[in-house]
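Here is the structure we will look at, set down as structure tokens.
For clarity, every value in this text was computed on a predicted model and none was experimentally measured. First the proteins, then the strands, lettered A, B, ... as listed; each starts at 1.
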Protein chains: 4
Amino acid sequence: MSLPSSTTKLTQRAELQRERILNAAQTCFIEHGFHAAGMALIAQAADMSPSLIYRYFDSKNAIILAIVERQVANGRTAIRNLYYAPDFTAAAYEAFTQWRTADPRIMNAALFLEMTAEASRNPTLASAFVTSDQELRAEISNWLSASVADGGKGLSVEVAQWRAICIQCFMEGLAIRALREPELSPTKLKLAITDFAAGMFAV
Amino acid sequence: MSLPSSTTKLTQRAELQRERILNAAQTCFIEHGFHAAGMALIAQAADMSPSLIYRYFDSKNAIILAIVERQVANGRTAIRNLYYAPDFTAAAYEAFTQWRTADPRIMNAALFLEMTAEASRNPTLASAFVTSDQELRAEISNWLSASVADGGKGLSVEVAQWRAICIQCFMEGLAIRALREPELSPTKLKLAITDFAAGMFAV
Amino acid sequence: MSLPSSTTKLTQRAELQRERILNAAQTCFIEHGFHAAGMALIAQAADMSPSLIYRYFDSKNAIILAIVERQVANGRTAIRNLYYAPDFTAAAYEAFTQWRTADPRIMNAALFLEMTAEASRNPTLASAFVTSDQELRAEISNWLSASVADGGKGLSVEVAQWRAICIQCFMEGLAIRALREPELSPTKLKLAITDFAAGMFAV
Amino acid sequence: MSLPSSTTKLTQRAELQRERILNAAQTCFIEHGFHAAGMALIAQAADMSPSLIYRYFDSKNAIILAIVERQVANGRTAIRNLYYAPDFTAAAYEAFTQWRTADPRIMNAALFLEMTAEASRNPTLASAFVTSDQELRAEISNWLSASVADGGKGLSVEVAQWRAICIQCFMEGLAIRALREPELSPTKLKLAITDFAAGMFAV
DNA sequence: CATGAATGAGTGTTCATTCAT
DNA sequence: AATGAATGAACACTCATTCAT
């Protein structure tokens, strides 16, 4: 029992270091952008030497890839918060707010947009996004078509599909608003969300 | 008469050169991203030497700034196409399609997102966007609150304000969709737009 | 006539720079070896910035390749000195001496050996050497089989072929001696050369 | 009695480890060259961790030095094969062949040349070679001047000295041929060797 | 005895920018 | 107006070496 734990510990340490690097990198990427954040800066943020990073990641690109993967996973939980919430407007407004956090566990808007822009040039990213976005939308669609008793909105399957697209566009549009107009009046924004939701949830 | 015309000609030529550079730069930025597109590449695309670019722009950053400014202006005309159009769905779908063009007169989605992400780091950009986006939204709002006879939707001024926010989010959300799921089913997308518009235009 | 000369001048300058770099690189390679001579050192020796080197050569490897090519060409003239000379012993001894010069127009022994060793790992080099060495040997062979009246040694074509191999081995063996025993007694060495030549030139 | 044996065992083990490292290093050096073969590669070839190597050698340079020393010793036995052999031509041709083996007990041509080139920059190496090469040549000389009854060639002591130089040059020249023209016709090469030997062994 | 973790100095290379012509 | 030549600072990355365990 002690030996297995020892070997596990080694792997755990490595995993811990990887996460430390990813968090540092993410912070740097948010603050300076993918390219402007050099390995030296990331290393400094992770409190280690640049060379050590290469023990855990093959290249800077591998770091970016790893962050993208992690964020794709995080994205799903972010959406779930939306339809598990009792008050859609409040939840969506919080989403708007959170787009600007630097918390590495939560998707950051600048990172999201830069990743998305990069997808138009990097096929690997592109196909990863296609898959993940379709799955995400399917989940939204399921929620909309579930019965009200089950916490859904009771829409027909067909309608749910269109509406899922609308909601996805709207929520991601909020990311852009969050970056370009962070001071956008909360009152008006909440009214807008409520209005939008009313249309989307109408049978 | 000859001298003034000569100086005017020079200025005209200068303006022409600036535009040639901006067009070349924009193409390069779309294809490779802001940082990966080097001055050498831009110069080649503009069919001139890199040094000559510095006669017309102080730095690479100034080029980016100029493109942003130009695009801010273009953005307005893009939105206008929307409410001048008889068929909103068709117009919005065309907007989705055009987000991916490389035509320098039309806003490109990758460029738009990269610019937006950059705004979170560059205060100059940020304030430019705040102003331009507010103006844009005001225009949408005016359209929505104009009488049907005048080509508007006859909404109350208050409601029009919220709806303008919704429409802005939705249309920009389409930019993200255009990049991440370019193969998204046109049929479903059009249905989604129609559905969304129905809610937005309802009195 | 004037314009062509102008364009020629530009090319001449570039060619001059290339040669300046090659000479500097060769000196550095001789003094420190291929790998230990960094671009910074070469640049310093050429009295220019490291980046400027990249205007004239694609990579450090391209520089090495260029030096090899140049030396392959030089090798031929070196051999020719041998059989144009009235006194073979004196000429061969001078060859021994010159193996250690740093003059970039003359093959240096350390460079020669390092290039040769590298050939066992780099196929491009390898095939370049095969060709050049065969041509070189053919020339020696022709010399040996030419009539005495024509400055040759009057050997049969067959014998000349073997002897050319012997001479090539011997002369290149001198390169190794020049490096490992630079203080080798000139007297004994000359006697050795004379003795060797007597055997080689005997009908 | 137990303790001494224990320490002896340790020393034996240490010596074994050193040889394991040297063999691994030599293989790597032959395959990749001195500089391109990193400590990590050598360690992997020796099936141990890079850090452990430093328990047995002070530095990478020390490993190179040790290999050189070992090869200096091996060189002597290689030459002995030559004059112990009944058929000089066959023996010399085999030497040509063996210049390209990777067997760490036998001198490899690429290694030999790289070491020799290095000697022009490293005085320690240089003086080691001077000594060893002189001894080697003395041995050849003794062989040539020994009576035919004793397996020698019966040459005068004076002539033997020159001829030894010739033979050394020729045999080492074969190393260069082996690297640059490994496909050199065996038939012609053997004829060349025979011809050369005839001249060398003539009284 | 043996290792994985860690580092600092160095590698070749790129690129926005300046300047003489 | 226009260019080729030139540079310095930065880049991602490597590697021989050390050290705690």
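- Residues M48(A) and R20(A) have side chains in contact (heavy-atom distance under 4.5 Å, counting atoms from C-beta outward).
- Phosphate contact (OP1/OP2 of dG4(E), side-chain N/O of Q17(A), threshold under 4.0 Å): absent.
- Between the CD atom of Q44(B) and the P atom of dA16(E) there is a distance of 14 Å, rounded to whole Å.
- Side-chain contact between N108(C) and F29(C) is absent, with no heavy atoms from C-beta onward closer than 4.5 Å.
- In this structure, the CD1 atom of I21(A) is 12 Å from the C1' atom of dA5(E), given to the nearest Å.
- Between the C1' atom of dG4(E) and the CG atom of L16(A) lies a distance of 16 Å, rounded to the nearest Å.
- When every heavy atom of V68(D) is checked against every heavy atom of L125(D), the shortest pair comes out as CG1-CD2, 3.5 Å.
- Counting to the nearest Å, the P atom of dT11(E) and the CD1 atom of I63(C) are 14 Å from each other.
- The separation between I42(B) atom CD1 and dC15(E) atom P is 11 Å, rounded to whole Å.
- At a cut-off of 3.5 Å, with distance as the only test, a side-chain donor of R70(C) or N23(C) sits close to an acceptor on the other residue.
- Y56(A) comes within 4.0 angstrom of sugar-phosphate atoms only, judged by non-hydrogen atoms across all strands, and of no base.
- Residue I53(A) contributes atom CD1, which lies 13 Å from atom P of dG8(E) at whole-angstrom precision.
- Distances shorter than 4.0 Å separate none of the side-chain N or O atoms of R20(C) from OP1 or OP2 on dA6(F).
- Side-chain atoms of R18(D) do not come within 3.5 Å of backbone N or O of R13(D) as any donor-acceptor pair.
- Separating the CD atom of E15(C) from the P atom of dA5(F) is a distance of 12 Å, rounded to the nearest angstrom.
- Comparing M48(D) and D47(A) against DNA chain E, the residue whose closest nucleotide sits nearer the 5' end is M48(D).
- Remark: DNA chain F takes part in the stems E:2-21 with F:2-21, each of 3 or more antiparallel Watson-Crick or G-U pairs, criterion distances under 3.5 Å.
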- Note on the structure: Its contact letters, B for base, S for sugar-phosphate only and - for none at protein heavy atoms under 4.0 Å, make nucleotides 14-21 of chain F read BBSBBB--
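- Taking the side chain as every heavy atom from C-beta outward, T27(D) and I42(D) never approach each other to under 4.5 Å.
- A straight line from NE2 of H32(A) to P of dC11(F) spans 11 Å, rounded to a whole angstrom.
- The closest side-chain heavy-atom distance from M115(B) to I64(B) is not below 4.5 Å.
- No salt bridge links R121(A) with E114(A); every basic N to acidic carboxylate O contact stays at or beyond 4.0 Å.
- Under the 3.5 Å distance criterion, the side-chain polar atoms of K60(B) are matched with a main-chain donor or acceptor of A37(B).
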